[in-house]
There are 2 protein chains.
Amino acid sequence: MTENSENSARRPTIYDLAQIAGASPSAVSSILNGTWRKRRISAATAERVTRIATEQGYAVNLQASLLRRERSHIIGMIVPKYDNRYFGAIAERFEAMARARGLFPVITCTQRDPDLEFEAAREMVSYQAETLVITGATDPDRIADFCAAAGVRTINLDLPGSKAPSVVSDNFGGARDLTRLILSRLRDDFGEAAPLWFIGGRPHDHNTVERLRGFRAAHVEAGLPAPEAKVIMPGYSPDKAAEALAGQDLPPRFGIFVNSTITMEGVVRWLGDNLAMDRVRLGCFDWDPFAALLPQNVGMAEQDVPAMLQQVFDAIAGGTDQPTRIDVPCILHPLPARDS
Amino acid sequence: MTENSENSARRPTIYDLAQIAGASPSAVSSILNGTWRKRRISAATAERVTRIATEQGYAVNLQASLLRRERSHIIGMIVPKYDNRYFGAIAERFEAMARARGLFPVITCTQRDPDLEFEAAREMVSYQAETLVITGATDPDRIADFCAAAGVRTINLDLPGSKAPSVVSDNFGGARDLTRLILSRLRDDFGEAAPLWFIGGRPHDHNTVERLRGFRAAHVEAGLPAPEAKVIMPGYSPDKAAEALAGQDLPPRFGIFVNSTITMEGVVRWLGDNLAMDRVRLGCFDWDPFAALLPQNVGMAEQDVPAMLQQVFDAIAGGTDQPTRIDVPCILHPLPARDS
DNA sequence: CATGTGTGCTCAATCGATGTAGCAAGATTG
DNA sequence: CAATCTTGCTACATCGATTGAGCACACATG
């Protein structure tokens, strides 16, 4: 393919190309970065240099290029995990949208570790990122402060912060609608609606608080008592959820509001191992294509990732750094009854 | 937090810190990158400069640093998608393992687009990546050639290539074991084992070819005819799989080998909408926690992501660039019968 | 033939961090 | 007390690409 084989293993630079082409490094640079017309380089030279660059397998040294340039066009994102549908979709779409806007996306994954989150943010600043999207961070304000001092704009996604614009799901509305749906399916399938269990999340997590508010609102409007004793928030982990369920005194028929797909894994595993499926109906905040096929599952509230990222990029283009908050509606998926 | 607020919005450099601290840029540099002891800078000066750097919210300019340094320690990975468990887990673990080895991981997602794959590889070379892990690429050899010319080592993951070491799942063994499992469950549940359907993948995809070989081997050893007419390879998409199933003449009871979780989405959706669950048993190559809970599912062959990445990093440390191939065994998950 | 206008380039400073070579002052040795 | 060593720094070239300033030549104009 590329015929750089016989000479040095080192990567060719514009100086090497200039030597071969009998031109100056400046000319080569402008030819390769597309500014040659305005620098009045002849088409013949441009063509020759371009050909030699291809032959030599030249690729610009971004470190050198970015060091010199005014702007880096790098946009960073930190994300807690890749391995679930929600954050996976966020990462994937973020990359595509950034590229479509001529930006260089750089994503890193922080394992829900606050120290790693901060280190990752520092690394993004070191990469000369111009903007950083802080997704699902434990302490977004600490990162926002650091970035502000370094002149890097930040935007919070998924979990809000108080120092920069935040784009989050309408957790209240989504949870209220999902709760309504579960209650209505209890009425249809079991003849009456009783207060639901709420499983998963943490008591001080912003999203959990909002979802719980929506959960309660739907109970109130249905004339049901707010089921305080049935609200269990042992974190998001599957095992904790299964443990918590094991400790409950469960009636013959009941409904559950599950706070995330991660939690859902534990809930459904425990139910499958311990209870007949027709005793329970549940709904889950967040979407997963396989979870949607589980027979007990009556509905899922999908967070609208494309709409959220559109808001993120709009905020970036709009240029406001005020700590505004944008709530993006969720997409409610009622699920059909599956045969048993 | 950081008290850079009143002065310029520009990021502080070692020259700014040097001025404030009354030291030279060289001293500041060596203090901040940890080489100050061997350059005989006093502990007092080091402490003072470190404090000022923190106060000013200093973060090293990686572009400048990497330009000057001999080695970048950057390791790149290109990956087709983030939004399924397999590639999500690969990306996440790759980052963690790279960091644990003192490397800078940079990952980018190529949407299964051959041109984007190549562009992404070029971008990695421009970032001065020393090594590139090419995951699930359509044309790994083209990328390997380009990287070789630029002096960048490559390793293929998931799909093998002929120009660099390749780490792939033992698709043959995994498929054979999974097929055995499905056949045995057919015998247990339905009283007899009949040849299975094989759904998903592409006829020329290396992994599909190998899995089909394992599928056939298990049929042969069970004394069953190789079921050529039941092998359907319309790609991996859920919709194609559902369409294909709709066109089949299905017996009262049967089994299916599903070639990926992506395909599985379509298969299970179609079955759930169209057939009583107890007519079918299926197994799936690849693992997903929710798919594992579906009642028809009797087993999944999980690709051993940690072991594969261990092999990748071993190959990097070992320093061989020969096009060897390492097959990593899959983890077979037999699934319990779920209540109906 | 002096002056002006365009064309097609080159020169050299610059971005920020690194690292080799070396300098000045004090301490130690013979 | 001169020679040597040690300590604690600084000066400067360098990495590769970019870009404002400017040079040399061709050709046209009055």
Side-chain angles (χ1 to χ4, degrees), chain A residues 8 10-49 53 56-74 104 123 125-128 130 150-151, chain B residues 8 10-49 53 56-74 104 123 125-128 130 150-151:
Chain A
S8 74
R10 263 188 62 270
R11 316 232 334 250
T13 69
I14 52 168
Y15 299 92
D16 302 325
L17 300 184
Q19 185 120 44
I20 297 171
S24 73
S26 328
V28 172
S29 171
S30 66
I31 289 163
L32 296 175
N33 68 27
T35 56
W36 59 279
R37 285 185 180 284
K38 100 171 169 223
R39 293 182 64 98
R40 297 188 318 217
I41 305 292
S42 69
T45 309
E47 198 279 324
R48 180 163 39 96
V49 168
Q56 299 291 316
Y58 176 81
V60 70
N61 181 326
L62 270 179
Q63 263 78 54
S65 176
L66 291 174
L67 176 58
R68 188 62 227 282
R69 291 175 110 99
E70 188 84 357
R71 299 194 48 195
S72 74
H73 296 284
I74 291 180
F104 289 100
E123 200 177 300
V125 172
S126 285
Y127 267 118
Q128 312 302 106
E130 296 172 342
Chain B
S8 73
R10 263 188 62 269
R11 316 235 331 252
T13 69
I14 52 168
Y15 299 92
D16 302 325
L17 300 184
Q19 184 121 44
I20 298 171
S24 72
S26 325
V28 172
S29 170
S30 67
I31 288 164
L32 295 175
N33 69 27
T35 56
W36 59 280
R37 285 184 180 285
K38 94 170 172 225
R39 306 203 46 203
R40 298 187 317 218
I41 306 292
S42 69
T45 309
E47 199 278 325
R48 181 162 38 94
V49 168
Q56 299 292 316
Y58 175 81
V60 70
N61 181 326
L62 270 180
Q63 262 78 56
S65 177
L66 290 174
L67 176 58
R68 187 65 225 287
R69 290 173 109 99
E70 189 85 356
R71 300 194 46 194
S72 74
H73 297 284
I74 290 179
F104 289 100
E123 200 176 300
V125 172
S126 285
Y127 267 119
Q128 311 303 108
E130 296 172 341

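Per chain, numbering begins at 1; letters A, B, ... match sequence-line order.
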Polar pairs (N or O, both sides) under 3.5 Å between protein and nucleotides 12-15 of chain C?
unit_1  : atom_1 : unit_2 : atom_2 : d
dA12(C) : N6     : S26(A) : OG     : 3.3
dT14(C) : O2     : R68(A) : NE     : 3.1
dT14(C) : O2     : R68(A) : NH1    : 3.1

What are the atom names and distances for every N/O pair under 3.5 Å that joins the protein to nucleotides 5-7 of chain C?
none

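The two residues L66(A) and R71(A) come nearest to each other via the heavy atoms CD2-O, 4.4 Å. The nearest pair of heavy atoms linking V28(A) to A18(A) is CG2-CA, 3.7 Å. Of all heavy-atom pairs spanning I74(B) and Q128(B), the tightest one is CB-O, 4.3 Å.
Atom CG of L17(A) is separated from atom C1' of dC9(C) by 17 Å (rounded to the nearest Å). What separates CG of L66(B) from C1' of dG16(D) is a distance of 13 Å, to the nearest Å. Distance I31(A) CD1 to dT19(D) P: 15 Å, rounded to the nearest Å. As rounded to whole Å, 15 Å separates atom P of dT10(C) from atom CH2 of W36(A). Whole-Å rounding puts the L32(A) CG to dA17(D) C1' distance at 10 Å. What separates CD1 of I14(A) from P of dT19(D) is a distance of 11 Å, to the nearest Å. In this structure, D16(B) places its CG atom 13 Å from C1' of dA17(C), rounding to the nearest Å. Rounded to an integer number of Å, the gap from CD of Q19(A) to C1' of dA17(D) is 17 Å.
Donor-acceptor pairing under 3.5 Å, judged by distance alone, is absent between the side chain of R39(B) and the base of dT7(D).
R11(A) has its side chain out of reach of Y58(A): every pair of non-hydrogen atoms, C-beta onward, lies at least 4.5 Å apart. Here the side chains of T13(B) and N61(B) are not in contact, with every heavy-atom distance at 4.5 Å or above. The shortest side-chain heavy-atom distance between Y127(A) and F104(A) does not fall under the 4.5 Å cut-off. Side-chain contact between V49(B) and I41(B) is absent, with no heavy-atom pair separated by less than 4.5 Å.
Helical stems of DNA chain D (runs of at least 3 Watson-Crick or G-U pairs, donor-acceptor distances under 3.5 Å) are listed by first residue: C:1-30 with D:1-30.
Annotation: the span from S42(B) atom OG to R48(B) atom CZ amounts to 7.5 Å, rounded to 0.5 Å. Atom CD1 of I14(A) and atom OG of S24(A) lie 8.5 Å apart (nearest 0.5 Å).
Out of dA17(C), dT10(C), dT10(D), the shortest distance to the side chain of S24(A) is found at dT10(C). For S29(A), taking side-chain heavy atoms from C-beta onward, the closest of the listed nucleotides dC9(C), dC9(D), dA17(D) is dA17(D).
Among the heavy atoms of the strands, none lies under 4.0 Å from T35(B).
Looking at E130(A), its side chain does come within 3.5 Å of a backbone N or O of S72(A) through a donor-acceptor pair. Judged by distance alone, the side chain of S126(A) and the main-chain N or O of V60(B) form a donor-acceptor pair under 3.5 Å.
Using a 4.0 Å cut-off, no side-chain N or O of Y58(B) falls inside it from OP1 or OP2 of dG16(C). Within the structure, a side-chain polar atom (N or O) of S42(A) is placed less than 4.0 Å from OP1 or OP2 of dC9(C).
The neighbour count for E47(B) CD, taken as heavy atoms of other residues, nucleotides or ligands under 6.0 Å away, is above 12.
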